[in-house]
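A note on names: the letters A, B, ... follow the listed sequences, proteins ahead of strands, and every chain is numbered from 1. FYI, side chains are in, hydrogens and waters are out, and symmetry mates aren't considered; it's all heavy atoms of this structure. As the structure is a prediction and not an experimental result, all values here were calculated from the model.
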Amino acid sequence: MIEQSINKEPIIATDNNGIVIDIRGLYKSFGAHNDVLKGVNITVNKGENLVVLGKSGSGKSVTIKCVVGLVAADKGEIKVFGTDITELDDKQLNAIRIRIGFLFQNAALYDSMTVRQNLAFPLKRHSKSLSPKQEEDAIKEALDNVGLAEAIDKMPAELSGGMRKRIGLARTLILKPEIILYDEPTTGLDTITSREISELILAIQKKNKTSSIIITHDMACAKLTADRIVILKDGIIEAEGSYEELEKSDNDWVRSFFI
Amino acid sequence: MVISLKNIFNDAGNVTQFTARFFKEVLKPPYEIKEFIRQCYVIGYRSLPLVGITGFIMGLVLTLQSRPTLAEFGAESWLPGMVALSLIREIAPVITALICAGKISSGIGAELGSMKVTEQIDAMEVSAIDPYKYLVITRILATTLMVPLLVVFADGVGVLGGYAGININSDVNLLNYFSKVLESLDFIDIIPATIKTFFFGFFIGMIGCYKGYTAASGTESVGKAANSAVVAASLTIFVIDMLAVQLTDIFF
């Protein structure tokens, strides 16, 4: 019911061969001597969790920011649901963005709003036909999904780091995205909370059949959530495979991630 | 030298683009009415105590400082008119605008700057919500509307301060005082002074939003955004005031 109320406009093209994200030859530089991405090729299949590993500054976050159009690519093709987002105007890009959830590293909750208002904010804008009761039910359902129903009237400043991440995830889930991009979801959290977040990512994938890109440095998170892993080195893909395959890689540098 | 000149031109270009975007998008739906009303409350209502106290002190001090000079010429009866004219034409608009530059422009700069640094603005964008419309347009409209109202309030309280100042050394009836004030005022004194406050309000909001919205990453840039918003807004107020006085001389 809520899903039907969200104003998702029909997108121009559909996914091709089950591929929901197809990045080809992506280049991005910041300034003359700071080439961050040097021809990245990544595909994400429908229902797949793709983990992106790499050292800090290797271009992981820039890659997913390019996918939602937060950072403009210098060169290359980024097809989301079969549509090249680099050629879209703002309105067309927003139609795609509604179908993508993005969990920021620090959750990026709106400081001046309560948890309820944080969740209601995107919902009100994109599902105008919802009654107040339906809106309340959608907020409670999203909070139940992350196990934080009791935090509904709290301000972000009253929440711990782990709780903020969960609320950020609830806000991401409220528009029922088909793709979720996680930017270091477990960074700055203790081992137990990190595991809880990783399990939550897995549970969301199973329940909502979402496709995800997960940027992380946390190997426990990668092991638990990854269907496939790509490793970025200096702006290009150095290795690709399952956790088990990469763990036994001949490349010492790749193997060093798994020690 | 070449680099700093390049930066100045870059900045000028960016400010122009930012301002042009306001005029391009202000009339386009969706209209963020609730946020606009909230900003009017935050910017206008919450500034009333500060503007009121400052206005009262302005009127009081101006009266006390002017009285000895006027007394030398035996022109103490001109005091209410002189205080009202000075306050309404120049002192209240400029001082209130400077207070708003300090309180509102820096507040907006710091708020938007911290939202930028903590990726809250990006979060709006990826949720397909236009942060420029929600954050910038509402704030600029609110300052453009609220600063003139705050100036009118400061005018009134300042005139009352003048009454208190006169009564420290003599005993003047409130009715007499106000009739002298109104006798000395024409619409020509009020209209140009009020028109310029809309420009003050617009630029206070615009500069605060620009500095915050374009803040670099890192917490240091939040302080820089707030600080530079106050400096730029204050300087702009003086420039607008100078132009307004020249134009008033020509047209009124």
Side-chain angles (χ1 to χ4, degrees), chain A residues 6-9 30 61 64-72 80 85 88 90-113 117-128 156-157 164 167-168 171-175 177 179-181 183-184, chain B residues 3 6-7 10 17 21 24-25 28-43 46 107-139 142 209 212-219 222 226:
Chain A
I6 296 167
N7 303 330
K8 290 182 179 177
E9 289 177 24
F30 296 94
S61 296
I64 57 168
K65 284 181 179 174
C66 285
V67 172
V68 283
L70 272 181
V71 172
V80 181
I85 65 127
L88 301 181
D90 285 349
K91 201 179 168 197
Q92 291 167 326
L93 183 59
N94 280 341
I96 299 266
R97 278 171 171 167
I98 293 174
R99 299 177 124 82
I100 305 174
F102 196 112
L103 180 65
F104 287 86
Q105 200 172 332
N106 295 309
L109 298 179
Y110 307 124
D111 287 335
S112 59
M113 300 181 191
Q117 289 165 335
N118 258 283
L119 269 66
F121 187 60
L123 195 61
K124 274 184 176 151
R125 262 132 237 280
H126 300 304
S127 44
K128 294 200 162 61
R164 289 173 72 93
I167 300 295
R171 189 180 65 186
T172 303
L173 291 175
I174 203 151
L175 291 180
I179 296 171
I180 306 181
L181 309 174
D183 192 1
E184 303 194 21
Chain B
I3 291 169
K6 199 178 159 190
N7 288 342
N10 266 342
Q17 262 188 337
R21 191 174 169 192
K24 202 175 137 195
E25 294 194 14
K28 275 190 200 164
Y31 307 112
E32 304 286 355
I33 308 285
K34 269 190 185 171
E35 179 62 8
F36 167 67
I37 293 168
R38 195 179 79 85
Q39 286 306 322
C40 286
Y41 170 78
V42 172
I43 289 165
R46 290 216 177 143
I108 292 173
E111 187 190 8
L112 297 197
S114 79
M115 286 185 80
K116 173 96 176 176
V117 168
T118 55
E119 296 180 308
Q120 291 175 53
I121 292 180
D122 287 345
M124 275 185 200
E125 213 164 328
V126 297
S127 308
I129 297 164
D130 185 351
Y132 189 91
K133 263 198 169 300
Y134 185 79
L135 299 171
V136 176
I137 289 179
T138 53
R139 278 160 178 78
C209 287
Y213 204 79
T214 56
S217 53
T219 46
V222 178

Hits for ring pair (Phe, Tyr, Trp, His ring centres under 6.0 Å) against Phe36(B), two or more places apart or cross-chain, chain-then-number order -> none
Which bit of Glu32(B) is near chain A, if near means a heavy-atom gap under 4.5 Å: side chain, backbone, both or neither? side chain
Please determine whether a side-chain nitrogen of the Lys or Arg among Glu35(B) and Arg38(B) lies less than 4.0 Å from a carboxylate oxygen of the Asp or Glu. yes
If you round to the nearest 0.5 Å, how far is NE2 of His126(A) from CG of Asn94(A)? 7.0 Å
Distance, nearest 0.5 Å, that separates CG of Leu112(B) from CD1 of Ile121(B): 5.5 Å
Of all heavy-atom pairs linking Pro177(A) and Ile180(A), the shortest is CG-CG1, 3.9 Å
Which pair of heavy atoms, one from Met113(A) and one from Gln117(A), lies closest together, and at what distance? CA-OE1, 3.3 Å
Less than 4.5 Å to any heavy atom of chain B: does that hold for the side chain of Leu109(A), its backbone, both, or neither? backbone
Check whether Leu70(A) gets within reach of chain B through its side chain, its backbone, both or neither, counting any heavy atom under 4.5 Å. side chain
Tell me whether the NZ or CZ atom of Arg171(A) lies within the 45° cone about the ring axis of Tyr110(A) and under 6.0 Å from its centre. yes
Interface residues of residues 123-130 of chain B facing chain A - non-hydrogen atoms under 4.5 Å apart: Ala123(B), Met124(B), Glu125(B), Val126(B), Ser127(B), Ala128(B), Ile129(B)
